[in-house]
Amino acid sequence: MSKEPSVAIIGAGLTGLTAAYFLQKEGVDAQVFEATCRIGGAVTTRREREYLFEQGPSTLLRGSPVLERLLHELDLEKDLTPPNPEAKKRFVVRRGQPVALPAGPLAFPFSPWLSFKGKLRLLTEPFRKRGPETKGETVAAFAERRLGREVLDYGVNPFVGGIYAGDPKRLAVALAFPTLAEAEEKGGSLFRGFLKLAKEKKKARGGAPRPPKGTVSFAEGLEKLPQTLAEALSEKPVLKSPLQKAERTGDGRWQLTFAGGESKVFEQILITTWSEELAATLPSPPERETWPEIRYAPVQVVTLAFPRATVGHALDGFGVLVPEVEDLPFLGVIFASSLFPGRSPEGEVLLNLFIGGERHPEAAAYNEEQVRQKILPSVAELLSIKAEPKFYAARHWPKAIPQYTLDHHSFLLSSQAAEKAWAGFFLAGNMVDGISMPQCLESGHKAARKILSARGKDT
Ligand SMILES: Cc1cc2nc3c(=O)[nH]c(=O)nc-3n(C[C@H](O)[C@H](O)[C@H](O)COP(=O)(O)OP(=O)(O)OC[C@H]3O[C@@H](n4cnc5c(N)ncnc54)[C@H](O)[C@@H]3O)c2cc1C
């Protein structure tokens, strides 16, 4: 380790660990501080009795450059688990029944997912005029304008529920789904825009092979990734050390105070997590009295096991998502034991039920009795389950996913202004660079590059 002034990284989730990994690789004395007693942040795999289950993210999408680099450098490719080939179908509830989404263009005309009218409306997308500026447009307005009401209700709405636990009427299309906005901008329609974007990507790749695609996990679950990242660090994360105060010193450095009163001065700090409490530990952003609020969707993840023979549905897919118009009290169910092998014993199935979100925020806080009374009967009806669960585990996430609403622009502007105005201050993570795990890895890497560049070390 060099004797250079050091970097403090707040948060031992994927963003913070990735930033630390790339900084320490360059010989920078970077130290991660974590509030809780574990690393991984949202990534939470548990093994209980004969069950292996995820209480945070369930699947990791391959293909992003930083993820692929980490899988290679950490020798993790051999531990990847692809999904079972039989689990390809994705279901959406329609008229109270799980309906498989069409597997391809040939299946589209025969699929019960949309009505004849809905299908016709979708097919007219390439001929619809380009819209006004998408900057102030919500996902719902964009989807209805380009794809029609039915695709909004039965396609976009359940997927926004599945990805953001969010409400398409609140999310800004340019922030939550920037590729959609870019495709329309480039091609005048999504159809032509995606063709253009694919061509541009191919050109940018040159002759290089396509990056791997598809969702994966690890044999031991997703926590394998943060654990391996942490093991690769020469300076291990300091646990049970919540940041309590960050102050700029007279000479442009940062004095951090942690719970317990310990205080230390750092040349640079990287914040990879957000909450009102954390915002209160920082100076006010330039030209504002307080940090703009970020809206978070709360989620509860409930893991359930049943004897296979008591479940009528074949569970032959990834899972089922619930459109808001279907008025069921949950967001969706992942068929966890169908998706990846080794999740439950022979003769049993394991499900991950997602409750709450922007749609039913109060349900994210339900206790077990309330979930059993108010939610499980609807799940049982949808999947024809004839028994009580033989295993039940719940995890509450009061602030699961940041919502990229139209107001979120203010937070992004403030964070950019702070980075510009304050030497040695950096922000990364799911509140600024995208909510998926690969986006958080990219965000951690980007932050490490910015920090290195500020130290005159270009990578
Ligand atoms: C229920 C759920 C399901 C999801 N499903 C998927 C999925 O299937 N696929 C996917 O790609 N993504 C999914 N995501 C999103 C993804 O998991 C997260 O966006 C990502 O893991 C966030 O990583 P991070 O490092 O930015 O933040 P976090 O993982 O939140 O880590 C931040 C860390 O900072 C710590 N911290 C907080 N305050 C302080 C403080 N004051 N001082 C020190 N430390 C502090 C926290 O304890 C935490 O460990 C899901 C998220 C949730 C919650």
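Heavy atoms only: backbone and side chains are in, while hydrogens, waters and symmetry mates are out. Counting starts at 1 for both ligands and their atoms, in listed order.
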So which bit of S436 gets within less than 4.0 Å of ligand 1, heavy atoms only: side chain, backbone, both or neither? both
Looking only at non-hydrogen atoms, which of L61, L243, T44 approaches atom 40 (C) of ligand 1 most closely? L243
Only heavy atoms of I435, strictly under 4.0 Å: list the atoms of ligand 1 that pass. 15 (C), 16 (C), 18 (C), 19 (O)
What atoms of ligand 1 come closer than 4.0 angstrom to any heavy atom of T36? 47 (O)
Identify, by atom number and element, the atoms of ligand 1 in contact range of S58, meaning under 4.0 Å from any of its heavy atoms. 7 (C), 8 (O)
Atom 39 (C) of ligand 1 [closest protein heavy-atom partner, distance rounded to 0.1 Å]: A35 CB, 3.7 Å
Would you say V139 and K169 make side-chain contact, with heavy atoms under 4.5 Å? no
Checking side chain to side chain contact (heavy atoms under 4.5 Å, CB included) against L60, which of T215, V43, L67 comes through? L67
Could you find the nearest protein heavy atom to atom 27 (O) of ligand 1 and give me its residue, atom name and distance? T272 O, 4.2 Å
Shortest heavy-atom approach to atom 11 (O) of ligand 1 - which of M437, K240, H396: M437
Within a distance under 4.0 Å of any heavy atom of G11, pick out the atoms of ligand 1 and give their elements. 33 (C), 34 (O), 35 (C), 44 (N)
Heavy-atom nearest neighbour in the protein, as seen from atom 2 (C) of ligand 1, with distance rounded to 0.1 Å: G56 C, 3.8 Å
Which residue and heavy atom of the protein sit nearest atom 17 (O) of ligand 1, plus the separation: P57 CG, 3.3 Å
Would you kindly specify which portion of L278 sits under 4.0 Å from ligand 1, judged on non-hydrogen atoms: side chain, backbone, both or neither? side chain
So that I know where these two stand, are Y21 and H445 an aromatic pair - ring centroids less than 6.0 Å apart? no
Parallel, tilted or perpendicular for W422 and F425, by the 30°/60° rule? perpendicular
Quick one: nearest non-hydrogen protein atom to atom 26 (O) of ligand 1, plus distance? T15 OG1, 2.7 Å
With a 4.0 Å heavy-atom cut-off (strictly under), which part of T273 contacts ligand 1: side chain, backbone, both or neither? side chain
In this structure, atom 35 (C) of ligand 1 is nearest to the protein heavy atom E34 OE1, 3.2 Å
Which of these, G16, G357, G13, A42, has its nearest heavy atom closest to atom 30 (O) of ligand 1? A42
is_close_aromatic(H313, F335), centroid dist under 6.0 Å: yes
Has the side chain of H396 got a donor or acceptor atom that lies under 3.5 Å from a matching backbone atom of A364? yes
May I ask you to check whether F266 and F33 place their ring centers less than 6.0 Å from one another? yes
Mark the output for I10 as yes if a heavy-atom distance to ligand 1 is under 4.0 Å, and as no if none is. yes
Provide the closest heavy-atom pair for Q55 versus V301 in the form atom of the first, atom of the second, distance. O-CG2, 3.4 Å
Which ligand 1 atoms does T59 reach within 4.0 Å, using its non-hydrogen atoms? 7 (C), 8 (O), 9 (N), 10 (C), 11 (O)
Considering only NZ, NE, NH1 and NH2 on the basic side and carboxylate oxygens on the acidic side, decide whether K25 and E73 come within less than 4.0 Å. yes
Does any non-hydrogen side-chain atom of V325 lie less than 4.5 Å from one of N157? no
In terms of atom number and element, which parts of ligand 1 are under 4.0 angstrom from non-hydrogen atoms of L14? 25 (O)
Closer than 4.0 Å to some heavy atom of G429 - which atoms of ligand 1 meet that? 26 (O)
Between L339 and F318, the two heavy atoms sitting closest are CD1-CD1, 3.6 Å
Quick one: does ligand 1 sit under 4.0 Å from the side chain of I401, the backbone, both or neither, non-hydrogen atoms only? side chain
With heavy-atom distances below 4.0 Å as the criterion, list the atoms of ligand 1 near C440. 19 (O), 20 (C), 22 (C), 23 (O), 26 (O)
salt_bridge(K240, E34) N-O dist < 4.0 Å: no
N/O donor-acceptor pair under 3.5 Å between E223 side chain and T45 backbone: yes
